[in-house]
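Heavy-atom basis, side chains included; hydrogens, waters and symmetry copies ignored. Whatever order the structure lists ligands and atoms in, that order sets their numbers, starting from 1.
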Amino acid sequence: MVTTDIKELWRQVLLRLYPTIRHDQFITWFADTGILRIDQGVVVIGVPNQFAYSWIAQPYQERLLEIAKVLDASILHTSIVVEPSLSNPDDTRKVLLTSIVPETKKVRKLPKKQEVRVTSGGAQDTVSYMLNPKYTLSNFIVGKHNRLVHAACEAVAINPGEQWNPLFIYGGVGLGKTHLLQSTGREVLKNFPEKIVVYFTAERFLNEVVEAIKRYNSQDFKARYRNVDCLIVDDIQLLADKDRTQEEFFHLFNELYNANKQIIISSDRPPKELAGIETRLQSRFEMGMVAEVHFPDYETRLAILQNKCTEQQVLLPPEVLDFIAYNVHHSIRELEGVLLQAIAQMRLENITPTVKSVGTIIRRLDRNGDLVGVTKEQIDAKLSVRSADDVINLVADYFRIPSSELRGTIRKREIMIPRQVCMYLIYEVLGHSFDTIGDHFSGRNHTTVLHSYNKVKSRLGRDSKLLQDIHALKKEMGL
Ligand code: ADP
Ligand code: MG
C-alpha cells in the first residue's frame, strides 16, 4: 500500500501496532502522535513532549519502522522528534484513536507527567511479537518429508482465510514450526500489505488473557482483535488446563473463523492428543488442514547446513558438513547449533573445523549419542598419521626440507616456521603433551613447545598463507 496521505499512513501503522501492545500503553503514548512529514524515505514521527519521546523512541521505533516498511516499501527509516503543538487537542495531524481501539473502551487522555504510572515500557508491554525477518518461506529447505506442510503454508500465504483454515502444524521440538508460522505470516503481509497479522506464542496469549480479565472484560478482549486478518498462535499445547484462556480463545477462534480470517496454529502433537485442551477446540483445529513436520532426511539436513553456510558466508570442508548432517539426530535447532558453534570456533580461533573438532561439539550436546565416524578408532582409521614421526615426515615433505633439520636446532626462518607448524599439528591432531613433543625436537622443553604452538595459533588469524598450509597438511593427514 503506497499512500501519499500521511495521516492515513499513520492510522494504518497504529492499526497494526495496536494489537501488539498493551491497550493502556497504546492510549497513553500514541494518542497525541502523528507523522509530520516524509522526507526522502524517512518518516518523521512527532510526539508531543520529551517525556513521550523517551517512552516511545527506544521501545517502539524499530517496530514502527517494520510496520511502515510493509505498508510502503519506499520507506527507509523512521525518525522520532518532539513537536509540542501535537499536545493541542485540535491538531489535525493526529489520528482519531477511536477508529483503532474498540468503541467499548474509553480513550484516556494522555496523563500529566506526574500521573503516569511508570511501568516497564517497551518489550514487556508488548503482547505479541513482530515477525522475525530471518524466517522466510524461501529459506525453509523443502525435502520430501516436509513438502506437504510447506505447500500448505504457501497456499495460505496466497489465499489466507480460504481453503486451509485453520492451518494446524504439529511436530517435535526444533523441527521448524515457528519458522513456518512466522514466515507464512510475513508472506501474507508481503502479498497483502493491508492485512493485519498477529503472532502470539501461547504463553503471551495466556498472559494477554489474564491481563485482559484483570483490566477489562472479555467483550473488550475480543474487540481488541476484531481487525486481525491472520492470527498465529505458536505452541498451543501450552494452553493445556488453562480453562479460562481456552474459553477466550474458543470465542476468538469462532469469530475470526466465521469472518473468514486465517488462523494458523502450531503444537507439539496432533489435535486429538492435546490432553488438557477442550474437545470442542480440538475438533475445531481439525476443521482445516492438519500437517506434520518431520525430522528431515540426510540430504535435506545437508542442504540446510549448506544453506546456513551461505547465509553466514563461510566455507566449511564438505566432510565436516557431511559429518554433522549424519550425526545430529534430534532437531534442526541442534543441527544449526553444532554448525554455528563450529563457525564461531573458526572465527574466534581461526581454525578450520574438522571432523574431530565437530565431533567434540556434538558429543557435548548429546553425551549418549553414538557418533558415526568419531569413535577414537574411527578417527584413527581415517588418519593417515599415527605418530609424531609421521607428522614430522609429512611436514618435511610438504615444505621440502630434510626432516633432520626440522628436528634440529637451526634457527633460520624457513626451517623455524615449518618446525613450529609441526609442533602445532602434533599437539592438535595427535593430542600429545608439550613435553613429549619436545622430545622429538632435540629435547626442547615444555615452554619452548608451548611458545611455538601459541605462535602458530596467533598467526593463523592474519597469515593466510600459513592458514592454507595448515589446511593442506590436515587434508593430507585425512582430516
Ligand atoms: P520449532 O518451532 O519446531 O521448535 P524452529 O522453527 O524454531 O522449530 O526451528 C529451529 C531452527 O531450525 C530455526 O532456526 C529454523 O530456522 C531452522 N529450521 C527448521 N527447519 C528448517 C528447514 N526445513 N530449513 C531451514 N531451516 C530450518
Ligand atoms: Mg517453536
Checklist entry - Among protein heavy atoms, which sits nearest to atom 8 (O) of ligand 1, and what does the distance come to when rounded to 0.1 Å? => result Gly176 N, 3.0 Å
Item to check | atom 4 (O) of ligand 1 [closest protein heavy-atom partner, distance rounded to 0.1 Å] | outcome: Gly174 N, 2.6 Å
Item to check | Protein contact of atom 6 (O) of ligand 1 - nearest heavy atom, named by residue and atom, plus distance | outcome: His179 N, 2.8 Å
Item to check | Asn146 neighbourhood, listing ligand 1 atoms whose heavy-atom distance to it stays under 4.0 Å | outcome: 23 (N)
Item to check | Quiz item: cation-pi between Arg284 and Tyr257, 6.0 Å / 45° | outcome: no
Item to check | Aromatic ring pairing Tyr453/Tyr424, orientation class (parallel under 30°, perpendicular over 60°, tilted between) | outcome: parallel
Next on the checklist: Quick check for you: to the nearest 0.5 Å, what is the distance between Leu36 atom CG and Ile80 atom CD1?
Outcome noted: 11.0 Å
Checklist entry - So which protein heavy atom does atom 21 (C) of ligand 1 come closest to, and at what separation? => result Phe140 CE1, 3.6 Å
Checklist entry - Going by the atom numbers of ligand 1, which of them fall below 4.0 Å from some non-hydrogen atom of Gly172? => result 3 (O)
Checklist entry - Between Leu97, Val13, Val198, Ile100, which is the residue that forms a side-chain contact (heavy atoms from CB on, under 4.5 Å) with Tyr18? => result Ile100
Checklist outcome for this item: The protein heavy atom nearest to atom 23 (N) of ligand 1 is Ile141 O, 3.0 Å
Item to check | Residue, atom name and distance, where the atom is the protein heavy atom closest to atom 7 (O) of ligand 1 | outcome: Arg333 NH2, 2.8 Å
Item to check | side-chain contact (heavy atoms from CB on, under 4.5 Å) evaluation trace for Asp235 with Asp268 | outcome: CA-CA 7 Å; Asp235 289 322; Asp268 65 351; 5.6 Å; no
Checklist entry - Among all protein non-hydrogen atoms, which one is nearest to atom 18 (N) of ligand 1, and what is the separation to 0.1 Å? => result Ile332 CG2, 3.3 Å
Checklist entry - Does any N, O or S atom of Thr178, backbone or side chain, fall under 2.8 Å from the Mg ion (ligand 2)? => result yes
Item to check | Heavy-atom nearest neighbour in the protein, as seen from atom 14 (O) of ligand 1, with distance rounded to 0.1 Å | outcome: Glu336 OE1, 2.8 Å
Checklist outcome for this item: Taking only non-hydrogen atoms of Val173 and a 4.0 Å limit, the atoms of ligand 1 in range are 4 (O)
Next on the checklist: Ring-plane angle category for Tyr170 and Phe168, please: parallel below 30°, perpendicular beyond 60°, tilted otherwise.
Outcome noted: tilted
Next on the checklist: Within the 4.0 Å heavy-atom shell around Tyr135, which atoms of ligand 1 are there?
Outcome noted: 16 (O)
Item to check | Salt bridge flag under 4.0 Å for residues Lys272 and Glu286 | outcome: yes
Checklist entry - So, does Asn139 sit close enough to ligand 1 that a heavy atom of it is under 4.0 Å from the ligand? => result yes
Checklist entry - How does Ile304 reach ligand 1, if at all, at less than 4.0 Å between non-hydrogen atoms: by side chain, backbone, both, or neither? => result side chain
Next on the checklist: Does the plane of the ring in His150 sit parallel, tilted or perpendicular to the ring in Phe140? Use 30° and 60° as the thresholds.
Outcome noted: parallel
Checklist entry - Going by the angle between their ring planes, with limits at 30° and 60°, are Trp55 and Trp29 parallel, tilted or perpendicular? => result parallel
